[in-house]
Amino acid sequence: MSTVDDRPMADADGPEEPTNRPEVTHRLREWLSRPYARHIIVMTAVFTLLVLPAAWLVIHFMNLTGAPASAIMSEIEKTMFVFTMVSAPLMAVTLAVIIYSLIGWGRVTGDEPPMQASPAIRGNAIGTGLWIGVTSVLAAFLVVWGLVELATITSLSYGSTPANQQPNSARPIDINVTGQQWVWSFEYPDNGRITSDQLVVPIDVPLYFNVTSLDVVHSFWVVELGIKIDANPGAITNTGVTPNKLGTYSIRCAELCGLHHAYMETTITVVTQEQYDAWLREHGGKRTV
Amino acid sequence: MSDTAVIHEQAAVPQPAQHGRPGGMLRHTSIITGTVAGLVLAVITYAIGSHYFVPWGEQNADFSQVGLDALVAATYVAWVIGFMAGIGAFAGPIRWALGHDLTHADAEYMAGRGQGKWRYWKYTTDHKVVGFQYLIMAMVLLGLGGFLAMLIRTELGVTWAEVFDPNFYNSLIGTHGIVMVIAMIIVVAGPLGNFIVPIMIGARDMAFPRLNALSFWLLFAAVPPLVSNLLLGGMRDGWTVYQPLGNQAPVGMIGYQVCIIVFAFSTGIASVNLITTIVTMRARGMTWNRVPIFAFGILGSSIMGLVWFPMFQYSQILALSDKVIASSFYIPQMGGSVWLYENLFWLLGHPEVYVIVIPATAALLELMTVFLRKPLFSYKIAVAGIAGVVGISSVVWVHHMYMTGWAPAAGYPFMLSTELISIPFGFLVLVMLGTIWRGKVWTRLPMMCVYAVIWCKIIGGITGVYLSDVPVDQYMHGSMFVVAHFHFMLMGAGLFAAMGAIAYWFPKMTGRILNERIGSIGFWTAFFGFQLTFGSMFIAGLQGMPRRVLQFDNAFNISNWASTIGAYIIGIGMLVFLYAVIHSWRNGQPSGSNPWGSKSLEWQTETPVPLENFPVLPVVTSDPYDYGVPDPYDEIERELTDEGAESTVGAR
């Protein structure tokens, strides 16, 4: 109750006629003068700072095996980063309230139901409006971000925008991907229909995958390149990517496909154009570009 | 809640003639006759079928016995029908067909009057008995599912060898999944929805007592086929059983399909019953703005169950038909579509999450008011949150199918709807935080569960937002990240909330207080084990570990070891909690009728709750959240601004 005594009398503020209407900021200033409000604001700020490093941590874990190896994967990681950043204050304010509740507003123990000492707050229009407003704006932001990103990775997948944002004269390479229990096989229809159980692709050339399955549903997941599409029997699904980093990455099956689902993995090796041509010659294919 | 009024006895209505002793056929039926009848009918069906209808020795193209699938399916169905007949589920219709209406004495016999403990093993209609039956069933299923989870984690922790063969391991995954899903669907709505809700709204029983018994015993009959799959080659395809993979499985798969078909009936019947009860049987004066929020949660959950469970049922009926009579709904080689199955499955598959989480959350909202001695913050926002989740949950299922290639463009609208659902869900978080706000907290076990659940909801909610985003899902779909996320929602926000809710209503159900010390030790052990298990699983997922594998790259070893250690800690914690429940149930400290000093109706009647709940039905004059003292800051506000200005000056 000390808050009452600290403030000037309501009618001592100025020469105007005293009215019954408080100043616009009156309620805010009064609220900020409450000790618990200041504590929770500080705690929220501290927790936000503590949670924010998670954004980098998330990216760190995703990059452990060499990602991002394509612009699509970079976009995915950017989304993870932004979403973590946006979530951090919300997480912090929730944590601040529940932790402050245990230490700041008092606790009662014992077997008997306590006396009625809590304020009978049945609602608060400003608080509710603020919460709904902020969560709606956040949700709207996430939706808009997601829609834009989806459009971006869709265009990246289908090769209309080269990964390096430079005009790319390279023709996309079509690759037919077939899943069957429990191997992947890849066919290069443009290069003399050579087949392989490991992918070898040139860097900075768009790849276009026609994915299907011979038996059950598999899911074609090129981990470090950030693409995934189900391989369905009786249908062809498409995806695409332009790898932009040399190296060997994992291809896994991401849909339970039977007994040896765990072992249904292979590799994709991103090589230079010269190495790729050599690989094609070695396997009896021909360069068609 | 303080004012009640006497309602006068109703005038006597003409009773039908009593045929024989009260109870009739049901005097002789119980779980024993049910089991015997079920087994006998199953054996007869199997014997006759295999003797006359299955051409032994003839093989299908895949070298399986011709007709075996149909035989096993018929045997399972015979078990269900035999069990239901044996326990007396058909006594009512038979009696009705014979023209013998139930007399009052019959109804009381069926409700369990004068049968002592034996009534828990019979086709008893009393909602409190059904509540206990559901509680035991849920605990058994949770125990089984938890044991299977330990086996799974053992396999994943032993990174240097295969502990189980792949067929058994995949069956473990599927059985763990579906057992836990069933257990979580019933763990709140079963015991608490049946036992507490009718008392809470001031009714004498559920709207349809016999359907109540029917819904429980259908569930009971559905479980043995499911569990027996582990002995019959397993359902080795995960709980989702995507087709056409499911079609390759051994006959154990039929156990799963029969279980789901029967369980969907059970859920539908229970949902109709709960909805009708809450809508039509509230006490006088309990207008819609005085209904306890838990009843709203059960109502919302039941509506989702009623509308969407049939989709799951259809999906399995069609799958069973593919397997047994070689129809081709899902078999692409014969013109079927795998996407049809995925759509039907996820039409329930996603609302099912809210079927679990909404009543659990509502139960916590209910008990928070008691332990904080505060009214529920913004009751209308809470109701709006439940309604919003129920509504939007029907248009989000495709987010499980972003990567199926079914309709890539559907990613746009379903990303929108999925992220929209975070707004009504946020309402419920707001109500939780608002109710905690400035409250003096009575730190008993049920209240402490609230804090644990809020933490899990933050993590589960944020990771859910990641997964709702198509680009992120393109990386995360089918990875361990998804597993960790939904365990945070279903276990962290669902099971821990259910534990809190059961601890809260335990005194009303059993007349004894749940042992706080042992219960807390168990709960917090499980909670911290849970953080370790699924926290490290997030890391495995971020690194790119696919789910449902039994071997994996060495890169994932460390997080899996941590996860396995955490799982064992959860197991220990849960066993301790279970010990607390059993120990307190048998010889805990007697609680009296209202140990928490709650103002809700169910605590106003005596404990143990008598047969028809209330000696006279109560009349409700306010909502049950009339706690707390006037806000001191409001007083200051009033003094400083308008009404009180002069008097304040005068007082000084």
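For clarity, every value in this text was computed on a predicted model and none was experimentally measured. Reminder, nothing fancy here: chain letters follow the sequence lines and each chain counts from 1. Hydrogens, waters and symmetry mates are skipped; everything else that's a heavy atom, side chains included, is used.
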Checklist outcome for this item: Gly405(B) and Thr237(A) have their tightest heavy-atom pair at CA-CG2, 3.7 Å
Item to check | ring-ring contact (aromatic ring centres under 6.0 Å, His included) pairs, two or more places apart, involving residues 89-110 of chain A | outcome: Tyr36(A)-Trp105(A), His39(A)-Tyr100(A), Tyr100(A)-Trp105(A), Trp105(A)-Trp437(B)
Checklist entry - Do Val143(A) and Tyr412(B) come within less than 4.5 Å of each other through their side chains, counting heavy atoms only? => result no
Next on the checklist: Please verify the inter-ring angle class for Tyr475(B) with Trp221(A); under 30° counts as parallel, over 60° as perpendicular, anything in between as tilted.
Outcome noted: perpendicular
Checklist outcome for this item: Note: Leu259(A) and Asn167(B) closest approach over all heavy atoms is CD2-CA, 3.5 Å
Checklist outcome for this item: Applying a strict 4.5 Å limit to non-hydrogen atoms, the region of Ser422(B) in contact with chain A is side chain
Next on the checklist: Return the CD1 to CH2 distance between Ile423(B) and Trp131(A), rounded to the nearest 0.5 Å.
Outcome noted: 12.0 Å
Item to check | Euclidean distance, Ile229(A) CD1 relative to Gln474(B) CD, rounded to 0.5 Å | outcome: 7.5 Å
Checklist outcome for this item: Heavy-atom closest pair (Pro471(B) atom, Leu150(A) atom, distance to 0.1 Å) is CG-N, 3.8 Å
Item to check | Side chain, backbone, both or neither of Met480(B) within contact of chain A (heavy atoms, under 4.5 Å) | outcome: neither
Item to check | Salt bridge present between Arg122(A) and Asp631(B) (N-O < 4.0 angstrom) | outcome: no
Item to check | Side-chain donor/acceptor of Arg444(B) to backbone N/O of Gly110(A), under 3.5 Å | outcome: yes
Next on the checklist: I need the residue from Ala140(A), Ala151(A), Ala125(A) with the largest number of non-hydrogen atom pairs under 4.5 Å to chain B.
Outcome noted: Ala151(A)
Next on the checklist: Taking His477(B)'s backbone N and O only, do any of them form a donor-acceptor pair with Lys228(A)'s side chain (distance below 3.5 Å, no angle check)?
Outcome noted: yes
Item to check | Between Thr135(A), Asp215(A), Asp111(A), Leu138(A), the one whose heavy-atom pairs under 4.5 Å with chain B are most numerous | outcome: Asp111(A)
Checklist entry - So which heavy atom on Ala120(A) is nearest to which on Pro375(B), and how close? => result CA-CD, 3.6 Å
Checklist outcome for this item: Here the gap from Leu214(A) atom CG to Gln333(B) atom CD, rounded to the nearest 0.5 Å, amounts to 9.0 Å
Checklist entry - So which part of Phe371(B) gets closer than 4.5 Å to some heavy atom of chain A, the side chain, the backbone, both or neither? => result neither
Checklist entry - Pick from Val429(B), Thr404(B), Thr240(B), Leu420(B): which one has the most heavy-atom pairs with chain A under 4.5 Å? => result Thr404(B)
Next on the checklist: Looking only at heavy atoms and a cut-off of under 4.5 Å, which of Leu64(A), Val211(A), Ile227(A), Ile40(A) has the most pairs with chain B?
Outcome noted: Ile227(A)
Checklist entry - Do you know which of Ile436(B), Val450(B), Val441(B) makes side chain to side chain contact (heavy atoms under 4.5 Å, CB included) with Ile98(A)? => result Ile436(B)
Item to check | Heavy-atom contact with chain A under 4.5 Å, split by part of Phe552(B) | outcome: neither
Item to check | Ile458(B), part contacting chain A, at a heavy-atom distance under 4.5 Å | outcome: side chain
Checklist entry - Can you tell me how far the CD1 atom of Ile173(B) sits from the CG atom of Leu256(A), to the nearest 0.5 Å? => result 6.5 Å
Next on the checklist: If I take atom CH2 from residue Trp145(A) and atom CG from residue Asp469(B), how far apart are they, to the nearest 0.5 angstrom?
Outcome noted: 9.5 Å
Checklist entry - So which part of Phe427(B) gets closer than 4.5 Å to some heavy atom of chain A, the side chain, the backbone, both or neither? => result both
Item to check | For Ser118(A) against Lys374(B), the heavy-atom pair lying closest together | outcome: CB-CG, 3.2 Å
Item to check | Which portion of Arg547(B) sits near chain A, non-hydrogen atoms under 4.5 angstrom | outcome: backbone
Checklist outcome for this item: From the list Val86(A), Val222(A), Thr84(A), Leu90(A), the residue making the most non-hydrogen contacts under 4.5 Å with chain B is Thr84(A)
Item to check | Met476(B) portion near chain A, given a 4.5 angstrom heavy-atom threshold | outcome: both
Checklist entry - Can you check whether Val549(B) reaches Arg252(A) side chain to side chain, under 4.5 Å on heavy atoms? => result no
Checklist entry - Does any heavy atom of chain A fall under 4.5 Å from the side chain of Ile459(B), the backbone, both, or neither of them? => result side chain
Next on the checklist: Working to the nearest 0.5 angstrom, can you tell me the gap between His261(A) NE2 and Asp237(B) CG?
Outcome noted: 11.0 Å
Checklist entry - Side chain, backbone, both or neither: which part of Asp473(B) has an atom under 4.5 Å from a heavy atom of chain A? => result backbone
Checklist outcome for this item: By side chain to side chain contact (heavy atoms under 4.5 Å, CB included), Val108(A) pairs with (sequence neighbours left out) Pro114(A), Lys440(B), Trp442(B)
Checklist entry - What part of Leu430(B) lies closer than 4.5 angstrom to a heavy atom of chain A: side chain, backbone, both or neither? => result both
Item to check | Interface moiety of Gln248(B) toward chain A, non-hydrogen atoms closer than 4.5 Å | outcome: side chain
Next on the checklist: I'd like to verify something: which residue of Asn238(A), Val97(A), Leu57(A), Asn232(A) has the highest number of heavy-atom pairs under 4.5 Å with chain B?
Outcome noted: Asn232(A)
Checklist entry - Would you call Pro119(A) and Pro630(B) a side-chain contact if the rule is heavy atoms closer than 4.5 Å? => result no
Next on the checklist: If you count heavy-atom pairs within less than 4.5 Å of chain B, which of Glu77(A), Glu265(A), Glu112(A) leads?
Outcome noted: Glu112(A)
Item to check | Heavy-atom pair of closest approach, residues Glu419(B) and Leu142(A) | outcome: OE1-C, 3.1 Å
Checklist entry - Where on Asn170(B) is there a heavy atom nearer than 4.5 Å to chain A: the side chain, the backbone, both, or neither? => result side chain
Checklist entry - If you count the non-hydrogen atoms of other residues, nucleotides and ligands that lie under 6.0 Å from CE in Met115(A), is the total more than 12? => result no
Item to check | Portion of Val338(B) that has a non-hydrogen atom of chain A nearer than 4.5 angstrom | outcome: side chain
Checklist entry - Does a side chain donor of either Ser101(A) or Tyr451(B) reach within less than 3.5 Å of an acceptor in the other side chain? => result yes
